[in-house]
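Structure first, then comments.
Remember, it's 1-based here, ligands and their atoms both numbered in the order they're listed.
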Amino acid sequence: MSGKECLIYIDGEYYPESEAKISVFDHGFLYGDGVFEGIRSYNGVVFKLKEHIDRLYYSARAIMLKIPMTKEEMTKAVLETLRKNNLKNAYIRLVVTRGKGDLGLDPRKCPRASVIIIAVPLLQLYDEEKRERGMSMIVSWVRRDPVDATTHEIKSLNYLNSILAKIEANNAGADEAIILDSNGFVCEATGENIFIVKDGKIITPPSTSGSLPGITAGVIKEIAQKLGYTVIEKGITVAELYGADEAFLTGTAAEVMPIREVNKRQIGEGKIGPVTRKILEKFMEYTKDPKNGVPIW
Ligand code: PXG
């Protein structure tokens with residue numbers, strides 16, 4: 001942080017960054033036992049806040065984590081954290097951990113979940129030059145956990161599956177990694193969903209791939225259909241990805257990011273394609289519309 005410390009919400013209290021601490025006995029820390037959301041606000045409006053809060057509770061329900069506040073209280077706490085930090089364009093991390101327990105993994109030993117809200121000025125997550133040039137990708141050896149394992153449909157604190165793929169991308173000098181599902185079809189990137197464009201149609205993996213049902217991806221499907229494109233959800237092979245006319249990633253941080261190459265195979269023209277550009281432009285307009293979020297003030 002530059003100069004001023006941000007204020008962080010922990011279980012109903014606000015702490016300056018340097019004093020915002022949780023217990024080493026918290027099972028979020030010991031076992032990755034918890035759920036989270038990554039949210040952002042655009043110009044004083046929290047983009048798709050309701051959808052993020054709904055997904056947080058959906059994830060919590062799946063892991064039998066009781067969040068000790070209602071959705072309404074959670075929404076208020078997020079907005080209050082933004083106001084306290086006087087943030088208009090922010091990145092918000094909402095974390096609910098299993099809370100303090102003993103050193104065993106049994107969650108019954110954790111009487112109360114902890115709620116943490118961190119809001120910081122929006123950092124530059126991707127350089128804007130990449131927005132034109134596109135990202136270089138590798139396909140990772142690490143498979144997405146299947147839907148009958150620690151599936152990423154649940155946005156849990158367990159991100160090692162993605163982190164291993166990210167390390168591999170870093171080692172290969174690539175921008176990002178594509179992770180395949182347990183059947184070898186394209187699933188998603190480490191923290192973004194994936195779309196390809198082929199013969200004017202827009203294709204994305206089905207929910208059965210075990211990817212996170214991205215909120216950005218949901219908006220992109222809606223925008224693509226409004227623009228008149230057919231959106232198909234089906235298994236995408238790596239060969240199909242190599243042969244795509246265009247490909248792009250979507251996510252809260254990435255927004256819409258074109259892909260220029262995968263495993264050194266150029267995708268389409270090797271830069272942002274016309275369909276991706278159209279969708280990116282519509283998406284940026286969409287984020288500016290206050291009715292697509294909740295105002296902070
Ligand atoms: N897949 C995974 C595995 C994710 O974690 C997405 C897809 C995109 O979902 P949304 O709802 O954001 O469109 C995510 C989201 C970060 C960061 O700091 C990661 C995400 C979101 C925000 C920030 O790396 N992941």
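- Looking at E281 and K278, no side-chain N of the basic residue comes within less than 4.0 Å of a carboxylate O on the acidic one, giving no salt bridge.
- With sequence neighbours left out, F25 forms a side-chain contact (heavy atoms from CB on, under 4.5 Å) with S23, K100, L103.
- At a cut-off of 3.5 Å, with distance as the only test, no side-chain donor of E188 or S209 sits close to an acceptor on the other residue.
- Proximity of N193 to T216: side-chain heavy atoms (C-beta onward) are nowhere separated by under 4.5 Å.
- The residue from I39, T216, L249 that puts a heavy atom closest to atom 13 (O) of ligand 1 is T216.
- The OG1 atom of T230 sits 8.5 Å away from atom CD1 of I202, with the distance rounded to the nearest 0.5 Å.
- For R55, every heavy-atom contact with ligand 1 shorter than 4.0 Å involves the side chain, none the backbone.
- When all heavy atoms of I138 and A172 are compared, the closest pair comes out as CG2-CB, 4.0 Å.
- In terms of N/O distances under 3.5 Å, ligand 1 is approached by Y159.
- Contact atoms of ligand 1 toward I215: 10 (P), 11 (O), 13 (O) (distance under 4.0 Å to a heavy atom of the residue).
- By the 4.0 Å heavy-atom criterion, R93 is counted among the residues contacting ligand 1.
- Residue T250 places no N or O, backbone or side chain, under 3.5 Å from any N or O of ligand 1.
- N85 contributes no side-chain N or O that, together with a main-chain N or O of L87, makes up a donor-acceptor pair within less than 3.5 Å.
- Taking 4.0 Å as the cut-off, K155 counts as a neighbour of ligand 1 on heavy-atom distance.
- In terms of polar-atom proximity, H52 is not counted as a contact of ligand 1, lacking any N or O under 3.5 Å from an N or O of the ligand.
- For ligand 1, the polar-atom distance check against T190 finds no nitrogen or oxygen pair separated by under 3.5 Å.
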Donor-acceptor contacts under 3.5 Å from residues 41-48 side chains, at least two apart:
unit_1, atom_1, unit_2, atom_2, d
S41, OG, K88, O, 2.8
S41, OG, A90, N, 2.9
Y42, OH, R40, NE, 3.3
Y42, OH, E255, OE2, 2.6
K48, NZ, Y286, OH, 2.9

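- Per-residue contacts place E188 under 4.0 angstrom from the following atoms of ligand 1 (heavy atoms of the residue considered): 1 (N), 2 (C), 3 (C), 7 (C).
- Residue contacts with ligand 1 for K166 are absent, since no atom lies close enough (heavy atoms, distance under 4.0 Å).
- Residue-level proximity to ligand 1 for R144 is carried by the side chain, the only part with a heavy atom below 4.0 angstrom.
- For atom 6 (C) of ligand 1, the candidate residues are C187, G251, G191, A254; the nearest heavy-atom contact is made by G191.
- Applying the 4.0 Å criterion to heavy atoms of G214 picks out, from ligand 1, the atoms 9 (O), 10 (P), 11 (O), 13 (O).
- Polar contact check, S162 against ligand 1: no nitrogen or oxygen pair lies under 3.5 Å apart.
- Salt-bridge formation is detected for the pair E240/K234: a Lys NZ or Arg NE/NH1/NH2 atom is positioned less than 4.0 Å from an Asp or Glu carboxylate oxygen.
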(message) Is there a salt bridge (charged side-chain N to carboxylate O under 4.0 Å, His left out) between K130 and D175? Walk through the geometry before answering.
(response) CA-CA 10 Å; K130 289 259 156 64; D175 296 318; 3.1 Å; yes
